[in-house]
2 protein chains.
Amino acid sequence: MAISIRDVAERAGVSVGTVSNVLNRPDRVSEAVVSRVHDAIRELGYVRNDAARQLRAGRSSSVGLVVLDARNPFFTDIARGAEDEAAEHGVAVLLGDSDEKPEREGAYLDLFEEQRVRGVLVSPLGDIRERLERLRAHGTPVVLVDRIAEDATLSSVSVDDVAGGRTAVAHLLAGGRRRVAFVSGPQTIRQVADRLVGAREAVAATPGASIEVLEGAALSVLEGRRLGEELVARPAAERPDAVFAANDLLAVGLLQALVMRGEVRVPDDVAIVGFDDIDFASATVVPLSSIRQPSRLIGQTALRILLEEAEDPELAPRQVVFQPELVVRESSGPLG
Amino acid sequence: MAISIRDVAERAGVSVGTVSNVLNRPDRVSEAVVSRVHDAIRELGYVRNDAARQLRAGRSSSVGLVVLDARNPFFTDIARGAEDEAAEHGVAVLLGDSDEKPEREGAYLDLFEEQRVRGVLVSPLGDIRERLERLRAHGTPVVLVDRIAEDATLSSVSVDDVAGGRTAVAHLLAGGRRRVAFVSGPQTIRQVADRLVGAREAVAATPGASIEVLEGAALSVLEGRRLGEELVARPAAERPDAVFAANDLLAVGLLQALVMRGEVRVPDDVAIVGFDDIDFASATVVPLSSIRQPSRLIGQTALRILLEEAEDPELAPRQVVFQPELVVRESSGPLG
DNA sequence: TCTCGTCTTTGAAACGATTCATGGTCTCTC
DNA sequence: GAGAGACCATGAATCGTTTCAAAGACGAGA
C-alpha cells in the first residue's frame, strides 16, 4: 500500500541511498538523476515516512509546549510566538493543553518524551521540578514559560509577577481605594501566588489599606462570574472598593456579574484591574485596566533558548524576566 | 545514551520480545517476569521510543487538526471537543493553525501526511478538495469541520451557515432595521460566503430592505475595528442601521470602534449581530447578540467520525449538519 | 514411560529512512 | 600512457520496536 523510498529507487533506476541523497543533499547527486528521482516521486505520490526518519536520527524535529489553558488568549499568544520562531528553524510545535490539571500535564510530558522531542516548553502547574530535571538529565532541554525557575537548574522566560501585582494594587490605592479584594485562581499556581505577594506589598506600604483574598477554583470567565456573584450578594458596606483579578478571564467574568445586576457600578463602586491584557480587555462592558505581558515575545524567546540548549547541552540555564506594564482603562478610573 | 528495550531486557535477564510483551500484552507473561521487567524499566528510566513503534505499526496514534485561527475561541472550543473525544480513544491531537493562510494550511497537511497520522480534521481555507481527496485515496481519512463537503466525497461536520445568516438578518429586520451591512471576512472562506447568502435571502424577503457588503481581510478583532472606523467616518445618514458580522471577533472589533467614539450608539443607531457566540460575546461593551454554534460538539463528532473511518475505510462519507441558534442580547435591541 | 497440550519465552525478521565506507568513471596533468 | 583527484552511485548496516513461528518446560492422562 504505502510507497517507500525503495519503490522510488526502483522506478528511477537508482539505489535507495541515492534517493535519500536527492532528498537530503541534492548537491551530491548529478542533475540528471535528481530530476529522474523527482519524476519518480511525483509519479508514485511518494511521501516521506517521518517515523523512520526520526528513528534513524534519534530525535524528532518537533518541540512540545504545554500550556495551562489553551482557551486563554494569553497562552495562545505565547503559542503563536513560539510557532513563529519554530517555523524559522524548520521545527514544529506540538501543543498540549493541561487545562490546569496535573494529570494532563503529566500525560503530555510522557507523550513528548516518547516522541523524543527536541525539547519542551512548559508553563508548569504543580511542583514538577523533579520531573523536569529528570527530563533534562536525560537530554531533553526544558524551558519554563511564564514562570521563573527558582533554583536556576532550568532556563525560564517569565514576567515579574510580584512587580505586576504590586503595580496593579498600587495603582488602585493611588486612585483612593482602600479595601482591596484579590480575586484569585488556585494559589497552587505560582503565578497567582506571586501576584498576591506583590499585591500585599503594595497594601502594606499604604496605611489604612487592607486586602482580602477570594480564591477561585480556576482562572476562567465562569469562575470569575461565580466570585462576582458572591461579591454582589454581600451587603454594600461589606464589598471591597477595588478588585485585582489574577487574570483577565477572571476579571471579565467578574465584570459580567457586577455590571449585569446593575447594582454595582464600575469603576464608581468598585475599580477593577486584571492581568495579561488580552485583546478582549479593551472590548469589555467597561474597558478593563490590566497588566500587560509581552506574551508573544515570551513564546519566541523561550523557543529560541530551547533550541540553543538543544544545540549545545552544556549551556548554563538562563533566566529571562520581562517587566510587565500597567495599561489603564475605564475600569480603574478614580473614585467618583 | 538513550535506553532501549534491549537494555531493559538485559537488565531483567529476559529477551527483547518478552519486554515488548510485558508492555503490550502483559497477560501472556508470567507475573514474576512482569514485575522483574517493570523493576528494570524503573531502574533504568526507560521510555518507549514512539518513532520505532510507529514505524513498525505503519501509522501513528495521532490525528491532525488544522484550524483557521487558533486564537478564535470558536476554534479552540472545537479543538477542545476533539481532544476530549480523542483522549477517550487513546489518541493524541496535533493542532495546526493555518492562520487563514493557504500555504500554512498546506504545510500542516504535508507534515501530518509525513507523520502518517490516523486521519485529518480540517477546517479548509481555499479550494483544497483535490488535495484532500488524494489524501483520502492514499488511505488517510479526512473529515471537514465547520464546512460541508459539497460533493459528498468526504465526510463533514458543519453548521448550516446559510440558515444562520438568514436567521441573523431576519432578526435585525424584524427589529425594524432596513439598511443592513454585512461586515465580512474574505469571501473566499466558504463559511463567510454562505452566511452572506443567507443574509441576502432574508433581505430579499423583506420589501424595502437593502444590504451592503464590507469585506475585511481577516476574521479578526483588529480587522473589525478597522471596518468599524470606516463606518464611523461616514456621514450619519450614510451609515447602516444594522450590521451582521461574519463572526464575533469582527463584531467585537466593530463594537470597540463604534462605541469608543461615542458618536454611534448601539443598538439605538446601529444594531449588531455576530456569529459563533464565543464566551466573550456576553461580556462586551454592549452584550453581543450572536448565532450560536455547538462548537465543542462539532469537534467531538468530527473526531468520532474520523476514527470510525480510520477503522473501516469502506465507510461511506457522512455529512452532519447542525442547526445554529440565535442568542439575543442587547446589541440588537429594538429601534429606539 | 510416552504423548499431548498448555503456558512461557525466545530470537530473528520487518518496518523505512539515513549514513558511510567502498568502488567505479572520468578528467586532468605530467 | 599512467597516476592522481574529483565526482557519483552503491548497498549494507543501523536506529528501536513489534510480531510470530518455533522451541522449551511442565503436568496430566494413558
Side-chain angles (χ1 to χ4, degrees), chain A residues 1-38 40-41 44-62 90 110-111 113-118 138-139, chain B residues 1-38 40-41 44-62 90 110-111 113-118 138-139:
Chain A
M1 177 74 233
I3 313 274
S4 83
I5 204 175
R6 186 156 269 110
D7 304 306
V8 174
E10 198 174 323
R11 175 91 170 209
V14 298
S15 75
V16 222
T18 299
V19 176
S20 176
N21 279 333
V22 169
L23 259 24
N24 301 297
R25 305 114 107 196
D27 49 303
R28 307 212 179 162
V29 184
S30 72
E31 279 193 26
V33 170
V34 168
S35 71
R36 203 137 43 91
V37 169
H38 276 139
I41 289 179
L44 297 173
Y46 165 74
V47 174
R48 234 202 309 237
N49 183 324
D50 199 49
R53 200 160 197 243
Q54 286 185 197
L55 173 57
R56 185 67 235 262
R59 59 172 189 171
S60 91
S61 59
S62 315
D110 288 346
L111 182 69
E113 209 174 345
E114 291 192 357
Q115 307 245 29
R116 300 289 192 271
V117 293
R118 289 265 184 98
H138 284 9
Chain B
M1 177 76 232
I3 313 274
S4 81
I5 205 176
R6 185 157 271 110
D7 304 306
V8 174
E10 198 174 321
R11 175 94 171 209
V14 297
S15 75
V16 205
T18 299
V19 175
S20 175
N21 279 333
V22 169
L23 258 24
N24 301 299
R25 304 114 107 196
D27 50 304
R28 306 210 178 162
V29 184
S30 72
E31 280 192 26
V33 171
V34 168
S35 70
R36 202 137 44 90
V37 169
H38 276 140
I41 288 179
L44 296 173
Y46 165 75
V47 175
R48 232 200 311 235
N49 183 323
D50 199 49
R53 197 161 200 242
Q54 285 184 199
L55 174 56
R56 184 68 235 258
R59 58 172 189 169
S60 92
S61 60
S62 314
D110 288 346
L111 182 68
E113 209 174 345
E114 290 191 357
Q115 308 244 27
R116 300 290 192 271
V117 294
R118 289 265 183 96
H138 283 7

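Each chain gets a letter, A, B and so on, in the order its sequence line appears, and its residues count up from 1. All values reported here derive from a predicted model rather than from experimental measurement. Only heavy atoms go into these numbers, but all of them, side chains included; no hydrogens, no water, no symmetry mates.
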[X], nearest nucleotide to its side chain (from [options]):
X	options	result
Val33(B)	dA17(C), dG16(D), dT9(C)	dT9(C)
Arg56(A)	dT9(C), dC15(D), dT17(D)	dC15(D)
Ile5(A)	dT10(D), dT18(C), dG16(D)	dT18(C)
Ser20(B)	dT10(C), dT10(D), dT19(D)	dT19(D)
Arg25(B)	dG16(C), dT10(D), dT19(D)	dT19(D)
Arg48(B)	dA9(D), dT17(D), dA17(C)	dT17(D)
Leu55(B)	dT18(C), dC15(C), dT9(C)	dC15(C)

Using atom types as modelled and distance alone, determine if a side-chain donor or acceptor of [X] lies under 3.5 Å from a backbone N or O of [Y].
X	Y	answer
Arg36(A)	Ala12(A)	yes
Arg25(A)	Val22(A)	no
Arg59(B)	Gln54(B)	no

As an exercise, state the distance from CG of Leu44(B) to CD of Glu10(B), rounded to the nearest 0.5 Å. 9.5 Å
How many angstroms lie between atom CG of Asn49(B) and atom OG of Ser60(A), to the nearest 0.5 angstrom? 10.0 Å
[X] vs [N]: side-chain N/O to OP1/OP2 distance below 4.0 Å:
X	N	result
Asn24(A)	dT18(C)	yes
Ser15(A)	dG11(D)	no
Thr18(A)	dC8(D)	no

Between the opening five pairs and the closing five pairs of the helix from dT1(C)-dA30(D) to dC30(C)-dG1(D), how far apart are the helix axes, to 10°? 60°
Looking at every non-hydrogen atom in both residues, tell me the closest pair between Leu23(B) and Tyr46(B) and how far apart they are. CD2-CE2, 4.0 Å
So, for His138(B) and Gly45(A), which heavy atoms are closest and what is the spacing to 0.1 Å? NE2-O, 4.0 Å
Let me know the distance between [atom1] of [X] and [atom2] of [N], rounded to the nearest Å.
X	N	atom1	atom2	answer
Glu114(B)	dC15(C)	CD	P	20 Å
Asn21(B)	dC20(D)	CG	C1'	10 Å
Ile41(B)	dT17(D)	CD1	C1'	13 Å
Asn49(A)	dA14(C)	CG	P	18 Å
Arg28(B)	dT18(D)	CZ	P	13 Å
Asp50(A)	dC15(C)	CG	C1'	14 Å

Take Gly17(B) and Ala57(B), find for each the nucleotide of DNA chain C with the closest heavy atom, and name the residue whose nucleotide sits nearer the 5' end. Gly17(B)
Both Val16(B) and Ala51(A) contact DNA chain C. Which one's nearest nucleotide lies toward the 5' end? Val16(B)
Does the side chain to side chain contact (heavy atoms under 4.5 Å, CB included) test come out yes or no for Arg48(A) and Arg53(A), once each step is laid out? CA-CA 8 Å; Arg48(A) 234 202 309 237; Arg53(A) 200 160 197 243; 3.3 Å; yes
Side chain Arg53(B) and base dT17(D) donor-acceptor under 3.5 Å: no
For Val29(B), which contact category applies under a 4.0 Å heavy-atom criterion: base, sugar-phosphate, or nothing? sugar-phosphate
